[in-house]
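One structure is given below, encoded as structure tokens.
Below, each value reflects all heavy atoms present in this structure, side chains not excepted, and no hydrogens, waters or symmetry copies. Residue numbering restarts at 1 for every chain, and letters A, B, ... go by the order of the sequence lines.
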Amino acid sequence: MLKKLFAIVCAVSLVSACASKEEGADLYGNANGGWDPNVAISDLQATGITEKFNDETTPVVYFKLNSSDLSAEAKAALAEQATWLKDNPRALIVIEGNCDERGTTEYNFALGERRANAARRYLIANGVSADRIRVISYGKEKPTVAGSNEEAWAKNRNATTVAY
Amino acid sequence: MSFLKKVFVAVCVCLSVFSVKAELRIDVSGAVSEPTPIAIPYFTGVGTTGEVAESITNVVAADLERSGLFRLVNRDAYIQKMEGVNTRPRFPDWQAIKAHALVNGQVEQSPNGQLKVSFRLWDVFAQTQMEAKALSTEPEAWRKIAHIIADSIYERVTGESGYFDTKIVFVSESGNQKKRVKRLAIMDQDGANFRYLSDGKDMALTPRFSPNMQKIVYFSYKNGDPKVYLMNILTGETELVGHFDGMSFAPQFSPDGMSLVMSLATRGNSDIYSYDLRTRKQKRLTNHPAIDTSPSYSPDGKKIVFNSDRSGNQQLYIMDKDGSNVKRISFGEGTYATPVWSPRGDYIAFTKIKGGVFHIGVMRPDGSGERLIANGFMVEAPTWSPNGRVLAFFKQMPWDSNGRNGGVKLYSIDVTGYNERVFDTPEDASGPAWSPLLHDK
């Protein structure tokens with residue numbers, strides 16, 4: 001679904017890129033600091049904000065089996081994400097909650113939602129405004145890593161932050 | 001689509017049935033027994049109906065054989081040639097080839113264009129007729145007639161209601177593990193009449209039938225917003241259920257079809273809600289910081305069994321339909337999920353994970369009598385046949401690290417733990433839900 005959004009955004013950005021140049025828009029497609037989510041989302045995507053976030057932070061935090069507790073490592077990564085979000089105040093995020101395949105479909109929807117919200121709460125506690133954060137649970141339906149082995153399962157128990 | 005057109009099947013003549021004693025009977029409640037040998041000569045096609053007569057006979061025989069209760073005696077061995085439904089069996093000829101039951105029938109075209117199928121079921125050793133019926137329908141519905149005949153033979157011999165004239169709605173899957181396409185699909189319980197219900201653009205999961213079979217309720221990532229939807233199976237029209245913050249999932253119909261029960265998740269907490277389809281009002285049934293999900297009504301609609309991790313790991317709980325009197329029923333080792341109440345009310349089927357192995361099991365509604373009846377690397381999501389004697393579920397095979405060579409298939413197994421069979425589906429398949437019996441009895 002993100003891919004689709006991206007395709008639409010690319011088309012839009014061809015038009016808005018010209019306009020932006022003339023108006024001297026910044027990276028976030030917004031010259032005057034006025035908050036227009038629609039404009040911002042398209043220009044952020046076009047300027048590769050997702051990639052920038054991925055390059056400059058640790059976007060994925062991992063969980064133990066059936067757990068949504070944040071490890072010390074996860075907290076450090078989220079603190080880093082929070083700092084980045086403060087430095088990039090117009091970026092928005094979606095936190096995707098994921099589970100390994102060793103659970104049942106419906107329970108994993110709930111567990112993924114709980115994981116994404118654990119990450120969300122930590123970001124908010126670290127000063128990120130709640131209205132910049134959306135969460136979605138993919139349960140076990142969108143594995144980050146292929147394979148049916150311990151290593152893949154450990155990587156698929158995560159909350160992945162996608163900036164746009 | 002044709003099955004919802006309310007195919008009219010008339011049972012017009014009940015050919016005379018004689019009283020019997022010490023007759024053929026198969027007990028489906030207890031331990032496994034050898035399949036009963038049954039002879040089913042090809043039904044006689046009167047006039048131009050030869051081909052459909054053969055097809056109908058094949059479907060009847062396949063249904064009965066798949067139940068695990070019958071074994072078809074090879075047709076090459078038959079001594080007597082049955083010439084239509086009124087041929088009187090020469091019982092010694094059928095006893096000689098060790099057939100315990102015999103079905104003979106005929107198919108003819110009525111002057112009004114309808115197909116008329118009549119059959120008789122004989123007890124070969126008691127030398128008596130057990131059942132005789134004639135059914136009429138539009139010619140397109142010949143498969144349905146065959147399933148109804150198989151159901152009446154099953155019913156007559158077991159004393160239980162049948163389950164062959166039924167559908168299964170499920171998730172049809174294709175592609176690599178990381179780019180899986182999951183579409184809703186529907187088929188007859190024998191795999192015929194497969195049809196997609198959704199296009200695969202948005203991932204759709206966990207479909208469940210409404211009691212009157214006109215709708216399904218399911219979960220979809222449509223518009224990137226995971227929510228519960230209703231679909232009219234006939235028109236394909238879909239409708240978002242309610243206006244909830246957060247995610248709605250794990251939907252089921254109430255037995256009267258007037259409301260839904262499902263989970264709503266907001267801010268990291270999933271609770272169970274009912275949703276009245278007439279007033280469009282929701283009612284919170286559980287209020288606990290734990291995950292509460294996978295609700296399923298008892299057949300009388302008075303209770304709900306569900307899955308919660310409030311004890312620290314996933315267990316099964318029962319509550320009244322208004323959310324009161326919550327009581328834990330599972331206490332065994334391991335975790336329990338996806339409880340589904342049998343249509344007979346006698347058992348609750350579930351998925352159990354113990355020591356890294358997945359099982360399908362059943363227990364009584366008070367938690368006693370737990371039995372594990374199937375297992376595998378991953379098995380999940382039992383659903384009951386309408387007579388409560390068979391469960392369908394899915395099995396997943398392990399994926400390799402390229403996301404290939406894994407896959408999922410639908411299986412059925414008797415509640416006794418015997419007769420495990422794979423469903424023949426055009427693609428990989430998961431998340432089954434079995435329909436009610438489609439014909440009135």
Of all of R180(B), M247(B), R404(B), M378(B), which one pairs up most often with chain A through heavy atoms under 4.5 Å apart? M247(B)

Looking just at side-chain N and O atoms, do E96(A) and T160(A) make a donor-acceptor pair shorter than 3.5 Å? no

With only heavy atoms counted, which part of S294(B) is less than 4.5 Å from chain A, the side chain, the backbone, both or neither? both

Quick one: what part of S137(A) sits under 4.5 Å from any heavy atom of chain B, side chain, backbone, both or neither? both

Against chain B, label A152(A) side chain, backbone, both or neither, depending on which of its atoms sit under 4.5 Å from a heavy atom there. neither

Please classify the contact of P295(B) with chain A as side chain, backbone, both or neither, using a heavy-atom distance under 4.5 Å. neither

Can we say E380(B) and K140(A) salt-bridge, meaning some charged N sits less than 4.0 Å from an Asp/Glu carboxylate O? yes

Please classify the contact between N269(B) and chain A as side chain, backbone, both or neither, with a heavy-atom cut-off of under 4.5 Å. backbone

Neighbour count above 12 (heavy atom, 6.0 Å) for D55(A) CG: yes

F219(B) versus chain A, heavy atoms under 4.5 Å apart: side chain, backbone, both or neither? side chain

Decide whether a cation-pi geometry holds between R115(A) and Y62(A); the criteria are a distance under 6.0 Å from NZ or CZ to the six-membered ring centre and an angle within 45° of the ring axis. no

I'd like to know which of N149(A), T105(A), L111(A) tops the heavy-atom pair count under 4.5 Å against chain B. T105(A)

Reference residue Y336(B); test side-chain hydrogen bond (donor to acceptor under 3.5 Å, both in side chains); the match among E370(B), Q315(B), H359(B): E370(B)

Counting heavy-atom pairs under 4.5 Å with chain B, which one of S68(A), S148(A), G97(A) comes out on top? S148(A)

Taking the six-membered ring of Y218(B) (Phe, Tyr or Trp), confirm whether the NZ or CZ of R208(B) is under 6.0 Å from its centre and within 45° of its axis. no

Pick whichever of P398(B), G403(B), A265(B), S270(B) has the most heavy-atom pairs under 4.5 Å with chain A. A265(B)

Are any of the side-chain nitrogens in K227(B) or D225(B) under 4.0 Å away from the carboxylate oxygens of its partner? yes

Under 4.5 Å to a heavy atom of chain A? For Q177(B) that would be both

Between D292(B), D309(B), T293(B), T266(B), which residue shows the highest count of heavy-atom pairs closer than 4.5 Å to chain A? D309(B)

So that I can tick it off, tell me whether R284(B) and D271(B) are bridged by a salt bridge, with the cut-off set at under 4.0 angstrom between side-chain N and carboxylate O. yes

Which answer fits N307(B), side chain, backbone, both or neither, if we ask what part of it has an atom under 4.5 Å from a heavy atom of chain A? side chain

State, without any angle test, whether N156(A) and N98(A) hold a side-chain donor-acceptor pair at a distance under 3.5 Å. no

Residues two or more places apart in sequence or in another chain: which of them pass side chain to side chain donor-acceptor pair (under 3.5 Å) with E56(A)? K52(A), W84(A)

Contacting moiety of I291(B), where chain A heavy atoms sit under 4.5 Å: both

Of A118(A), A116(A), G103(A), the largest count of non-hydrogen pairs under 4.5 angstrom with chain B goes to G103(A)

Examine whether an atom of E151(A) lies under 4.5 Å from a heavy atom of chain B, and if so say whether it belongs to the side chain, the backbone or both; otherwise answer neither. neither

Can you see whether F63(A) has R157(A) sitting over its ring - NZ or CZ less than 6.0 Å from the centre and within 45° of the normal? no

Quick check on R267(B) against chain A: is it the side chain, the backbone, both or neither that has a heavy atom closer than 4.5 Å? both

